[in-house]
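Notes to accompany the following structure.
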Amino acid sequence: MSQPLVGMDLAELREALGPGQPSFRAKQLYEAIYHGQASELMQISALPAELRRQLAESHAIGLPEAAKTYVSTDGTRRYLLRLDDGRTVEAVLMPEGERDTICISSQAGCAVGCTFCMTALLGLERNLTAGEIVAQVLLISQLNGLRREGGRLNIVMMGQGEPLLNLPSVLKATRILLDPAGFGLSPRRVTVSTVGIVPKIAELGREPVRPKLAISLNASTEETRQELMPVTRKYSLSDLLAACKAYPLRPWEKLSFEYVLLKGVNDSDADARRVVRLLANLNCKVNLIALNAGPEIPFETPSPERVASFQQIVRRGLPCFLRKPRGLDIYAACGQLKLSA
Ligand code: SAH
Ligand code: SF4
């Protein structure tokens, strides 16, 4: 079977090209795959034809196949991507005016088990490789002719999986996405969202090249948080907030806290006031998401009035935005990614 080139860094591409090649060949290949977004190895005209043929005997660029595409009435597109081993993951394109956001997966399924999330019902199937993470961006970008200059394109790792439980691959993929000779995005344009794996937050902070960080807070008390997200029994709210306080933000950067509002569970005015108190000494903003309901999800979506009241209270203390649900009709919204046909 041919080896995928996507996901390889420069040194790995040099090795794939074999001995005796001048080192600029690997650079040409790297740029063709990530910057030029070549879809076929044989079409990389920067490389001599003979070299292309040789490489193609054992390698292919290796983008996944878009097995299915679902198009929402709001323009959102959900892609079911088939990986080399036949497994599938999902990625979602959300166009909005001049801006496009691609939501990608970091794992097939998720081990974490949050009670409001449909991906949790899959369990963890496996980690994605760096190549499989980068390939989601390349494929969706190619299929839709997306432009990335001027900050038009944003990537969020908020699809299937917990990115900080697959950190080496997530970091390698991020380095390729942020490398000016690679996909060439600004670090302001790539965000990773975590349920709050505390030790990995510190690890991420030590990386010179890293995405922005969003944290799923989702509750205003330790007790409710542990009920909703059982994994947080291991990573307490106070430890999480300490890790956030210690996190080395870049001068332009703020932490984001995601908060899924569940009717009658974490959506009261008192919850909103507690959120402000919890986050008061952090340089951050809050993104509210009203629950995207789904089969087997034992919660309800709060009323728009409740959501507005919650937002108004948080806003008095912190920047606070409401995320519009996207692609609800095609099961593409947050927490709905579960390979439904
Ligand atoms: N595992 C990571 C990233 C993927 S989930 C994390 O949990 O942060 C991305 C976001 O979707 C998280 O903020 C999560 O809390 C939210 N989410 C999960 N299920 C949801 C649902 N049913 N409705 C709305 N948001 C949901
Ligand atoms: Fe996994 Fe995130 Fe869903 Fe929790 S919310 S089960 S961490 S994908």
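Start at 1 with the first residue, then count along the sequence. All values reported here derive from a predicted model rather than from experimental measurement.
- Using modelled atom types, no side-chain atom of Asn144 and backbone atom of Leu146 make a donor-acceptor pair closer than 3.5 Å.
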**Request:** Step by step, work out the side chain to side chain contact (heavy atoms under 4.5 Å, CB included) result for Arg250 and Arg210.
**Result:** CA-CA 10 Å; Arg250 290 157 284 191; Arg210 59 188 146 96; 3.7 Å; yes
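- Here the CD1-OG1 distance, from Ile155 to Thr174, works out to 10.0 Å after rounding to the nearest 0.5 Å.
- Within the model, atoms CZ of Arg78 and CZ of Arg326 stand 14.5 Å from one another, a figure rounded to the nearest 0.5 Å.
- Within the model, atoms CG of Leu177 and OH of Tyr34 stand 9.5 Å from one another, a figure rounded to the nearest 0.5 Å.
- The distance from the CD1 atom of Ile61 to the CD atom of Glu40 is 6.5 Å, given to the nearest 0.5 Å.
- Of the possible donor and acceptor atoms, none in the side chain of Ser169 sits under 3.5 Å from a partner among the backbone N and O of Asn166.
- Using a 4.5 Å heavy-atom threshold, the side chains of Cys244 and Phe257 count as touching.
- Residue Leu81 comes nearest to Ala91 through the heavy atom pair CD1-CB, 4.1 Å, listed as atom of the first residue, atom of the second, then distance.
- Smallest separation of non-hydrogen atoms from Arg52 and Leu41: CD-O, 3.5 Å.
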**Request:** With side chain to side chain contact (heavy atoms under 4.5 Å, CB included) as the test, would you mind laying out the steps for Asn154 and Thr191 before giving the verdict?
**Result:** CA-CA 8 Å; Asn154 291 277; Thr191 302; over 6 Å; no
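- Panel note: side chain Tyr70, backbone Thr76; no donor-acceptor pair is recorded below 3.5 Å.
- Note on Arg306 versus Asp269: salt bridge recorded, some NZ/NE/NH1/NH2 to OD/OE distance being below 4.0 Å.
- Taking all atoms of both residues into account, the shortest heavy-atom contact from Val198 to Asp239 is CG1-O, 4.0 Å.
- At least one side-chain heavy atom of Leu228 sits less than 4.5 Å from a side-chain heavy atom of Phe299.
- Atoms CD1 and CZ, from Ile176 and Phe183 in turn, are 12.0 Å apart once rounded to the nearest 0.5 Å.
- Note on Leu322: it does not cluster hydrophobically with Leu328, by side-chain heavy-atom contacts below 4.5 Å among ILVMFWY residues.
- Connection of Leu278 to Leu261 is established within a shared hydrophobic cluster, with ILVMFWY side chains joined at heavy-atom distances below 4.5 Å, either directly or through further cluster members.
- Under a cut-off of 6.0 angstrom, the local environment of CD in Glu223 is sparse, with at most 12 non-hydrogen atoms contributed by other residues, nucleotides or ligands.
- Contact annotation: the side chain of Thr101 never approaches that of Glu96 to less than 4.5 Å [non-hydrogen atoms, C-beta and beyond].
- Using a 4.0 Å cut-off between charged nitrogen and carboxylate oxygen, Lys324 and Asp74 do not count as a salt-bridge pair.
- Donor-acceptor pairing under 3.5 Å is lacking for the side chains of Glu162 and Ser106.
- Distance check: Asp179 CG to Glu31 CD gives 8.5 Å after rounding to the nearest 0.5 Å.
- Linking Ile, Leu, Val, Met, Phe, Trp and Tyr whenever their side-chain heavy atoms come within less than 4.5 Å leaves Leu83 and Leu124 in two separate clusters.
- A donor-acceptor distance shorter than 3.5 angstrom exists from the side chain of Glu222 to the backbone of Leu237, with no hydrogens or angles considered.
- Put simply, the side chain of Glu90 never gets that close to the backbone of Ser105: no donor and acceptor are under 3.5 Å apart.
- Judged purely by atom type and a 3.5 angstrom limit, Gln142 uses its side chain to pair as donor or acceptor with the backbone of Gln37.
- Thr119 approaches Gly109 most closely through the heavy-atom pair CG2-C, 3.9 Å.
- When the shell of 6.0 Å around NZ of Lys200 is examined, it contains 12 or fewer heavy atoms from other residues, nucleotides or ligands.
- With Asn266 contributing its side chain and Ala219 its backbone, the two residues share no donor-acceptor pair below 3.5 Å.
- Placement of Phe321 and Ile289 in two distinct hydrophobic clusters is found when ILVMFWY residues are connected by side-chain heavy-atom separations under 4.5 Å, directly or transitively.
- Using a distance-only test at 3.5 Å, with no hydrogens or angles considered, a donor-acceptor pair links the side chain of Glu132 to the main chain of Thr129.
- When side chains are defined from C-beta on, Tyr30 does not count as touching Met8, because their heavy atoms never get closer than 4.5 Å.
- Annotation: side chain of Cys284 is in contact with side chain of Leu318 (closest heavy-atom distance under 4.5 Å).
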**Request:** Run the numbers on Met118 and Glu296 for side chain to side chain contact (heavy atoms under 4.5 Å, CB included), then give the verdict.
**Result:** CA-CA 8 Å; Met118 282 170 63; Glu296 303 172 80; over 6 Å; no
**Asked** Going through the distances and angles, do Gln21 and Leu51 end up as a side chain to side chain contact (heavy atoms under 4.5 Å, CB included)?
**Response** CA-CA 9 Å; Gln21 293 297 329; Leu51 184 58; 3.4 Å; yes
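- Side chains of Val276 and Arg316 form no contact here, defined as non-hydrogen atoms less than 4.5 Å apart.
- Of the possible polar contacts, none joining the Glu207 side chain to the Leu204 backbone as a donor-acceptor pair under 3.5 Å is found.
- No donor-acceptor contact under 3.5 angstrom links the side chains of Gln312 and Arg315, judged on distance only.
- Between Ala290 and Val307, the shortest heavy-atom contact is CB-CG2, 4.2 Å.
- Linking ILVMFWY side-chain heavy atoms closer than 4.5 Å, directly or via other members, places Met42 and Leu47 in two distinct hydrophobic clusters.
- Counting only heavy atoms from C-beta outward, the side chains of Ser193 and Glu258 approach each other to under 4.5 Å.
- Remark: side-chain polar atoms of Lys285 are not paired, donor with acceptor, to backbone N or O of Lys254 under 3.5 angstrom.
- Heavy atoms only, all atoms of each residue included: Leu29 and Leu13 are closest at CD2-CD2, 3.9 Å.
- In this structure the side chain of Cys320 never reaches within 4.5 angstrom of the side chain of Phe310, judged on heavy atoms.
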